[in-house]
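See structure below.
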Amino acid sequence: MKKIIILLLIASAFSCKNTQGVVAKDNSDPTKYMNTITAKDLKKHLYIVASDEMEGRETGSKGQKKAGVYLIDQYKKDKVPFPKGATDYYQHIPASYLNAKRNQNLPDSENIWAYIEGSEKPDEVLVISAHYDHVGVKNGEVYNGADDDGSGTVALLEMAQAFAKAKKQGHGPKRSILFLHVTGEEHGLHGSRFYSENPLFPIANTITDINIDMIGRRDVEHAKSNNYVYVIGADRLSSDLHNIVVAQNEKYTKLDLDFKFNDPKDPNHFYERSDHYNFAKLGIPAVFFFNGVHEDYHQKGDEPQKIEYDALTKRTQLAFVIAWDLANRDNRPVVDKK
């Protein structure tokens with residue numbers, strides 16, 4: 001009888017241990033991981049991505065490919081793998097596709113992707129996008145594109161690193177996250193359009209796109225403070241997404257959310273001018289973060305020393321906490337608008 005009791009106790013203890021092992025971790029507070037996103041690291045990456053060595057990152061150019069290698073090296077360093085179903089970190093795009101709409105003699109190019117698999121709903125995917133191309137070299141001058149869109153490019157690196165650290169410590173996202181660096185944005189949103197037409201994961205399983213395009217400077221409308229960000233598109237398809245953006249900002253970053261360019265009547269039509277639009281066209285809720293146009297937009301003066309790294313950090317952190325909420329909430333954002 002004594003031996004039977006001992007065996008029952010051992011079995012009970014083993015059962016309890018196993019049960020504890022499958023209990024979901026509390027992912028309610030992202031603060032610890034949000035704070036791993038730092039101005040120091042963003043600056044380090046941006047001075048490389050937007051350096052003369054990358055030759056302005058023109059679509060398909062040697063410089064852009066070199067920048068892509070740097071991004072991949074960082075993902076490898078942070079142990080963020082390429083996605084399930086892919087053979088490497090590249091989604092190859094042929095020149096024939098890039099030149100089909102208007103022939104600009106672009107060579108083959110690549111989207112770059114990295115991936116963190118969800119723990120509970122791995123088939124549902126959150127996409128976080130930024131374009132890593134810029135406009136290259138003009139009249140012997142390198143157009144480095146530090147803000148456009150080096151800022152979004154390095155934001156993705158830091159966000160991925162933060163999620164990887166969370167996963168290593170048992171707080172990985174419940175849904176999967178695809179970090180998508182797209183090419184050809186400057187020539188007509190080609191890279192995001194190619195992904196939307198050739199998705200690695202079903203479009204029906206893609207819950208949201210968070211798109212980051214220019215978040216390192218300020219515009220003349222905000223000359224007195226950089227504590228703001230333009231929010232575009234969040235409410236176009238989903239009231240849920242808009243509410244998530246507002247709530248997470250209020251809770252963690254307290255930026256002034258400027259919805260000026262979200263007005264469908266805005267003459268700039270920024271909603272249709274960055275990579276989120278190719279997801280929104282397919283009914284995927286999308287939000288675009290943007291600092292507005294400044295004097296160095298598409299000029300040779302868009303250099304890393306002009307970036308306001310405190311603003312870049314805070315805006316990246318905002319995108320991160322929104323991504324954290326989307327990846328961990330019980331239900332995906334409901335599409336309740338058309």
Side-chain angles (χ1 to χ4, degrees), residues 27-39 42 126-130 147 149 151-152 154-156 158-163 166 171 173-175 177 179 207-219 221-222 224-263 266 270-271 274 276 279-280 284-292 307-334 336-337:
N27 280 1
S28 59
D29 187 358
T31 304
K32 174 181 177 180
Y33 303 105
M34 177 189 79
N35 288 334
T36 68
I37 296 170
T38 66
L42 288 162
L126 167 66
V127 175
I128 307 176
S129 60
D147 194 25
D149 184 29
S151 59
V154 300
L156 262 62
E158 279 292 280
M159 292 170 69
Q161 182 186 67
F163 274 110
H171 294 280
K174 295 176 182 178
R175 292 181 177 85
I177 303 175
F179 299 92
I207 68 160
T208 303
D209 173 48
I210 297 174
N211 185 50
I212 307 172
D213 190 353
M214 297 177 60
I215 58 165
R217 298 273 295 265
R218 73 176 84 182
D219 65 3
E221 300 293 328
H222 300 86
K224 294 183 179 180
S225 174
N226 63 19
N227 191 55
Y228 77 96
V229 69
Y230 289 108
V231 180
I232 303 172
D235 68 348
R236 296 289 185 101
L237 295 174
S238 174
S239 300
D240 280 347
L241 181 56
H242 172 82
N243 293 336
I244 290 164
V245 170
V246 171
Q248 295 305 103
N249 177 63
E250 179 60 30
K251 192 171 183 179
Y252 296 107
T253 47
K254 299 190 185 319
L255 287 160
D256 292 328
L257 302 183
D258 193 326
F259 296 96
K260 174 183 176 180
F261 296 134
N262 191 48
D263 185 347
D266 178 69
F270 287 122
Y271 178 67
S274 192
H276 61 283
F279 291 91
I284 298 170
V287 59
F288 166 28
F289 294 112
F290 178 50
N291 54 218
I307 296 295
E308 299 184 51
Y309 289 94
D310 57 338
L312 174 56
T313 302
K314 205 166 183 182
R315 293 162 181 163
T316 304
Q317 290 175 336
L318 172 62
F320 174 77
V321 295
I322 291 166
W324 183 281
D325 182 277
L326 288 165
N328 288 295
R329 63 178 28 244
D330 290 338
N331 300 306
R332 59 191 287 175
V334 173
D336 57 1
K337 298 182 180 181

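For the single chain, residues carry numbers from 1 onward in sequence order.
Under the 4.5 Å side-chain criterion, counting only non-hydrogen atoms from C-beta, Phe289 is not in contact with Leu255.
Below 30°, between 30° and 60°, or above 60°: for Phe163 and Phe179 the angle between ring planes is between 30° and 60°, a tilted geometry.
Between the Gln317 side chain and the Thr253 main chain, no donor and acceptor come within less than 3.5 Å of each other. Side chain of Ser238 to backbone of Val334: a donor-acceptor contact under 3.5 angstrom is found. A donor-acceptor contact shorter than 3.5 Å is absent between the side chain of Asn328 and the backbone of Pro173. Asn262 places a side-chain N or O within donor-acceptor distance of the main-chain N or O of Gly233, the cut-off being under 3.5 Å. Checking side-chain atoms of His276 against main-chain N and O of Ile210 turns up no donor-acceptor pair under 3.5 Å.
Asp29 and Thr31 form a side-chain donor-acceptor contact under 3.5 Å, judged by distance and modelled atom types alone. Counting only N and O atoms by type, the side chains of Asn27 and His171 include a donor and acceptor under 3.5 Å apart. For the residue pair Asp258 / His222, a side-chain donor-acceptor distance below 3.5 Å is found, with atom types taken as modelled.
Smallest separation of non-hydrogen atoms from Ala280 and Leu237: O-CD1, 3.7 Å. In this structure, Asp219 and Gly292 approach most closely via the heavy-atom pair OD2-CA, 3.9 Å. A pairwise comparison of heavy atoms in Pro285 and Ile207 identifies CD-O, 3.5 Å as the closest pair. Considering every non-hydrogen atom in both Ser274 and Asn211, the closest pair reads OG-ND2, 2.9 Å. The nearest pair of heavy atoms linking Ser239 to Lys337 is OG-CE, 3.4 Å. For Val321 against Met34, the heavy-atom pair with the smallest separation is CG1-SD, 3.6 Å.
Remark: aromatic rings of Phe288 and Tyr230 are distant, center separation not under 6.0 Å.
In this structure, Ile232 CD1 and Asp266 CG are separated by 8.0 Å, a value rounded to the nearest 0.5 Å. Between Glu221 atom CD and Asn291 atom CG the span is 13.0 Å, to the nearest 0.5 Å. Going from atom CG of Asn249 over to atom CD1 of Ile322 covers 7.0 Å, rounded to the nearest 0.5 Å. Put simply, CG on Leu318 and CD1 on Ile212 are 9.0 Å apart, with the number rounded to the nearest 0.5 Å. Interatomic distance, CG of Asp149 versus CD1 of Ile215, reported as 8.0 Å (0.5 Å rounding). Thr36 OG1 to Phe320 CZ: the interatomic distance, rounded to the nearest 0.5 Å, is 6.5 Å.
Screening Lys314, Arg218, Arg217 for a side-chain hydrogen bond (donor to acceptor under 3.5 Å, both in side chains) with Glu308, the sole residue that qualifies is Arg218. Shown are Leu126, Asp240, Ile244; of these, the side-chain contact (heavy atoms from CB on, under 4.5 Å) with Thr208 is made only by Leu126.
A cation-pi arrangement is found for Arg315 relative to Tyr228, the charged atom lying closer than 6.0 Å to the ring centre and inside a 45° cone about the ring normal.
For Tyr33, the ring pair (Phe, Tyr, Trp, His ring centres under 6.0 Å) partners two or more places apart in sequence, or in a different chain, are Trp324. For Ala234, the side-chain contact (heavy atoms from CB on, under 4.5 Å) criterion is met by Val231, Leu241, His242, Val245, Val287, not counting sequence neighbours.
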Evaluation steps, side-chain contact (heavy atoms from CB on, under 4.5 Å), between Glu158 and Val154: CA-CA 6 Å; Glu158 279 292 280; Val154 300; 5.9 Å; no

